[in-house]
Amino acid sequence: MVRSTSSTRGLLPILLSAVSLLPSLAIGQGASNWTATPFNPSSVPLAVRSPYLSAWLNQGAGTALNDAWPVFWTGSILGWAGFVKVDGTAYSWLGVPGVPKVNFTKATQKSFEFTSTQSNFGMNAGPVDLNITFLSPVEPGDLVNQSLPFSYLAVSAASNDGQDHSVQVYVDISAEWISGDNNLEAEWVTDVGDMITHQVHLASEEMFTETNDRAQYGTAYHSTLNDAGVTWQTGQDIMVRAQFINHGVLLNSQDTNYRPVSNNWPVFALAHDLGKVNSASAPAVFSVGHVRDPVVQYILANNEMQQRTSVFWSRFSIINSAISVFLKDYSNALERAKLFDAQVQSDASKVSDDYAALVAISVRQVFGATELTLSRTGSGDYNTSDVQMYMKELSTGGTVNTADLIFPAWPLFLYMNPALGKQLLLPLLQYQATGQYPNAWAAHDVGVHYPNATGHNDGGDTHMPIEESGNMLIMVLSYTQRTNDTSLIRDYFDLLDKWGSFLVQNTLFPGKQLSTDAFAGQLENQTNLAIKGIIGIKAMSEIAALAGDSEKSTDYNSTALQFAQKWQKLAMSSDGTHLTLAVDSPLVHHATAQTDASHSWGIAYNLYADRLLGLNLIPNSVYDLQTKWYSDHFNDFGIPLDTRHTYSKSDWQLWTAAVVTNNTVRDRLINSVRKYAADDNSSQPFADWYETLDGRPMSTRARPVVGGHLAISASAIAPSSPLPSSSLTPGSSTTSSGETQTSSSGSAPPSTGKPNSGSARFCNVISPGWVLASGMGAVMLPALMPV
């Protein structure tokens, strides 16, 4: 059936150029005329909490909040409409709903601002100004709050002429929030009590399956507290919206004619009567969410599958309790968000305003690809000592916990709370420790498509042998350095040693294989890949020392030093001005031609790990040399990834900015990426892969690799004091009395030492609830939040 709003739903975003006025201020031109702080991004995160709660406003150079429908990260429409009535006159402020035979006008957007957690819009509706806040909390130190798959929308009004005005606010969502196929039948119900919550789900669900990257199971929720003056209604979009536009209230009635999503487009509406408004009103607070249980299936030993649930379920027995607490917590959540935003902003602004802007636009995108999970015990209780975090590789395959996707995002986790990084690594480590993965190197991922972390027992994952083995060793060591928690080393030493041995045998001349930049194709003996492997070997030397194996530590260290010296000679251009693209290779194949290898080059972003870990494996002269080379090879939007192409990646450029030895070059790298982020060539969630000649995005979007934009922030927080060489052997731990013990399974019990104070950047700006502290191995649950 043709939707009644089809004439407006198909409108393309209005792309208008923007003129930069200040580092943190831009103003749209033409029909969209508002101040933007710090800039107009290609797409604005609205409700971004998980791979399936991901609502954006695609805006290019400046599409107002009421000039386009919100969309899922893939670009498919999410019906989300907003109206306000002021003294009987109706204005639309969210989405582009078409409602025949009624009169309303569009509110005018006057301002827009984004922070790490919020997107705020200022709009004018005649004699009243609206303040519209989309808050997707980011609480890296609070497991329950971070795992809640809900986001806030808050609307307040204030008179702009000094007079009192009667104001009512309306919001609805459509059934498009529950499926990637609008022909499927939806069912719904509305619960009315101390809050009103609409629940919408597919009539026939398919567990652990997706259609067009949308989960085909789970429930969408649209909720608000049942305060005085609140009304609700479900039904056909044009009928429900017309009811509010004509009367300012809803009918408190439910449409029970269940039908396909696109059949007379059912919507689920809520309205608040704000009464007479002069000064700024208290906000009308709404929540949207998408809940699945279980969220992931994960492979255990003997090919057994484990169903894992969201962490928040261990605190709330029913979903309505979770939603009620979430709604009642809004004012506190907003204050915590402001503290979080201010800390991130303060840290990043020490580098530059442009850097702070890039960090702010990246944070929700990273966490929007993740979910925190728990398993259950044999008795069915939640196993609060078994916390794992899962990450979906959005837009490039959908694999689960891809090691070379976690790796570029790793700086964000080191900066915010390294313990979350540990929870990301655990699914990879635990699976491979079962012995079911047959290859000698580290696995690419733990499942071919989210949310199925079902392993690769046939070894048929994407092979990136040097890439993933180096990634895992570097991340394990950096986590340990930041936290003084040696549990990953104790529990998985044999596995880490296996990967270290593989690197020793294969790193110096990696052969023809893929790196993380798989879109660039295979290349033999990649210089940048070789240095990752060498740093991985050196990391394994440090890991062995921490495990008390001085002999292995010495051997790995000797190999790493020898390889580093050889690598520097083999990778150096004949004129000594830069590192080449490939080591010991007579020809490098370009997209259109072949050239002497000495004239080839690429961004040596893997040098970042040397500095991050404090290894000092690579001499300062190499960093100076590369810095000078980069300074002469900028295009309009940054430095190409290598000489085979003119495209680049934003994360690797920011990694490089963290290690160059000249602040002018550092700032130019930052400014180039910021220029790309604010150009008008894209209308989709941030694409990390783009063309440096014209700022045109390539085929990625919404990927969590933008956590790499925090590379400078992560390196600015020093690791903990060096850990002493341990007398422990793998699989043992030390008791409080100093005795050594081994767990019955041969693996060490979780570390019980306090993490060092700098390991979790944001544990002091969290709410009451579960607190995940780096190195604790378990979580604490004080009964401080009302249920």
Legend entry - 4.5 Å side-chain heavy-atom contact, Met391 and Ile406: yes
Legend entry - Any side-chain heavy-atom pair of Leu405 and Pro704 under 4.5 Å: yes
Legend entry - Residues Asp213 and Lys392 bridged, charged N to O under 4.0 Å: yes
Legend entry - Main-chain N/O of Asp161 paired with Ser159 side-chain donor or acceptor, under 3.5 Å: yes
Inset, instruction - For salt bridge (Lys or Arg N to Asp or Glu O under 4.0 Å), just list the numbers for Asp329 and Arg336, CA-CA rounded to whole Å, side-chain angles, deciding distance to a tenth of an Å, and then say yes or no. - result: CA-CA 10 Å; Asp329 192 45; Arg336 295 193 303 272; 2.7 Å; yes
Legend entry - Pair Lys328 + Asp194: basic N to acidic O under 4.0 Å: yes
Legend entry - Test item: Asp172 side-chain N/O and Val267 main-chain N/O as donor-acceptor pair under 3.5 Å: no
Inset, instruction - Would you check if the side chain of Arg364 reaches a backbone N or O of Thr115 as a donor-acceptor pair within less than 3.5 Å? - result: yes
Inset, instruction - Before accepting this row, confirm whether a basic side-chain N of the pair Asp164/Lys276 lies closer than 4.0 Å to the acidic partner's carboxylate O. - result: no
Inset, instruction - Please tell me if the side chains of Ile670 and Leu654 come closer than 4.5 Å, counting only heavy atoms from C-beta onward. - result: yes
Inset, instruction - Tell me, with the steps shown, if Thr234 and His198 meet side chain to side chain donor-acceptor pair (under 3.5 Å). - result: CA-CA 8 Å; Thr234 64; His198 299 299; 5.8 Å; no
Legend entry - Euclidean distance, Ile361 CD1 relative to Phe114 CZ, rounded to 0.5 Å: 4.0 Å
Inset, instruction - State, with a plain yes or no, whether a side-chain heavy atom of Val169 is found less than 4.5 Å away from one of Leu274. - result: yes
Inset, instruction - Side-chain contact test, heavy atoms from C-beta onward, threshold under 4.5 Å: evaluate it for Ser92 versus Lys106 and give yes or no. - result: yes
Inset, instruction - Return yes if a side-chain donor-acceptor contact under 3.5 Å exists between Ser683 and Asn58, otherwise no. - result: no
Inset, instruction - Could you please spell out the steps behind the side chain to side chain donor-acceptor pair (under 3.5 Å) verdict for Asp347 and Tyr415? - result: CA-CA 10 Å; Asp347 289 346; Tyr415 168 71; 2.6 Å; yes
Inset, instruction - Drop me the distance from Ser116's OG to Gln365's CD, to the nearest 0.5 angstrom. - result: 12.5 Å
Inset, instruction - Would you check, one step at a time, whether the test side chain to side chain contact (heavy atoms under 4.5 Å, CB included) holds for Phe134 with Leu57? - result: CA-CA 11 Å; Phe134 294 87; Leu57 172 66; over 6 Å; no
Legend entry - Aromatic plane relationship, His290 with Tyr52 - under 30° parallel, 30 to 60° tilted, over 60° perpendicular: tilted
Legend entry - Whether Arg703 side chain and Phe686 backbone form a donor-acceptor pair below 3.5 Å: no
Legend entry - Any donor-acceptor pair under 3.5 Å from Gln168 side chain to Ala271 backbone: no
Inset, instruction - For the pair Glu371 and Arg292, find out whether any cationic side-chain nitrogen is under 4.0 Å from an anionic carboxylate oxygen. - result: yes
Inset, instruction - Quick one: pull up CG in Asp142 and CG in Leu148 and give me the separation to the nearest 0.5 Å. - result: 8.5 Å
Inset, instruction - Could you give me the CA-CA distance, side-chain angles and deciding distance for Trp313 and Asp293, then say whether side chain to side chain contact (heavy atoms under 4.5 Å, CB included) is met? - result: CA-CA 9 Å; Trp313 281 113; Asp293 187 35; 3.9 Å; yes
Inset, instruction - Indicate yes or no: does Asp273 engage Lys85 in a salt bridge with an N to O separation below 4.0 Å. - result: no
Inset, instruction - Measure the CZ-OG1 distance between Phe367 and Thr370 for me, rounded to the nearest 0.5 Å. - result: 6.5 Å
Inset, instruction - Go through the steps for Phe112 and Ser119 under the test side chain to side chain contact (heavy atoms under 4.5 Å, CB included), then give the verdict. - result: CA-CA 7 Å; Phe112 162 68; Ser119 297; 4.2 Å; yes
Inset, instruction - Keeping the roles fixed (side chain from Gln146, backbone from Glu139), state whether a donor-acceptor pair exists under 3.5 Å. - result: yes
Inset, instruction - Work out which heavy atom in Trp56 is nearest to a heavy atom in Ser43; give both atom names and the distance. - result: CB-OG, 3.3 Å
Legend entry - For Phe268, the option from Trp80, Tyr170, Trp188 that meets ring-ring contact (aromatic ring centres under 6.0 Å, His included): Trp188
Inset, instruction - Provide the closest heavy-atom pair for Val167 versus Val84 in the form atom of the first, atom of the second, distance. - result: CG1-CG2, 3.7 Å
Legend entry - Side chain to side chain, Asn40 and Trp34, heavy atoms closer than 4.5 Å: yes
Inset, instruction - Over 60° means perpendicular and under 30° means parallel, so classify the ring planes of Phe104 and Phe83, tilted if in between. - result: perpendicular
Inset, instruction - Look at the side chain of Ser281 and the backbone N and O of Ala157, then say whether any donor-acceptor pair between them is shorter than 3.5 Å. - result: yes
Legend entry - Which atom of Ala678 lies closest to which atom of Phe39, heavy atoms considered: CB-CD1, 3.6 Å
Inset, instruction - State, without any angle test, whether Thr117 and Asp341 hold a side-chain donor-acceptor pair at a distance under 3.5 Å. - result: yes
Inset, instruction - Kindly compute the distance separating CZ (Phe326) from OG (Ser223), expressed to the nearest 0.5 Å. - result: 10.0 Å
Inset, instruction - Work out which heavy atom in Ser136 is nearest to a heavy atom in Arg49; give both atom names and the distance. - result: CB-CD, 3.7 Å
Inset, instruction - Verify, without hydrogens or angle tests, whether Ser76 (side chain) and Phe72 (backbone) share a donor-acceptor contact under 3.5 angstrom. - result: no
Inset, instruction - Could you grab the distance from atom OG1 of Thr309 to atom CG of Leu374, nearest 0.5 Å is fine? - result: 7.5 Å
Legend entry - Exercise: identify the closest heavy-atom pair between Gln118 and Asn120: OE1-ND2, 3.5 Å
Inset, instruction - Go through the steps to decide whether Ser682 and Tyr676 satisfy the test side chain to side chain donor-acceptor pair (under 3.5 Å), and finish with yes or no. - result: CA-CA 9 Å; Ser682 175; Tyr676 157 67; 5.4 Å; no
Legend entry - Flag for Tyr355-Ser713: side-chain donor and acceptor within less than 3.5 Å: yes
Inset, instruction - Looking only at non-hydrogen atoms, find the nearest pair between Ile77 and Val71 and report the distance. - result: CA-CG1, 4.1 Å
Inset, instruction - Kindly indicate whether the side chain of Tyr390, heavy atoms from C-beta on, has any atom under 4.5 Å from the side chain of Pro451. - result: no
Legend entry - Residue pair Asp191 / Ile196, side-chain heavy-atom distance below 4.5 Å: no
Inset, instruction - Examine distances only and state if a side-chain atom of Ser151 and a backbone atom of Leu135 form a donor-acceptor pair shorter than 3.5 Å. - result: yes
Inset, instruction - Measure centre to centre between the rings of Phe413 and Tyr479, then say whether the value is under 6.0 Å. - result: no
Legend entry - Identified side-chain contact (heavy atoms from CB on, under 4.5 Å) counterpart of Trp232 within the set Val249, Val240, Val192: Val192
Inset, instruction - Let me see the working for Val171 and His222 under side chain to side chain contact (heavy atoms under 4.5 Å, CB included), right down to the final yes or no. - result: CA-CA 9 Å; Val171 182; His222 187 211; 3.7 Å; yes
Legend entry - Donor-acceptor pair, side chain of Ser362 and main chain of Leu358, under 3.5 angstrom: yes
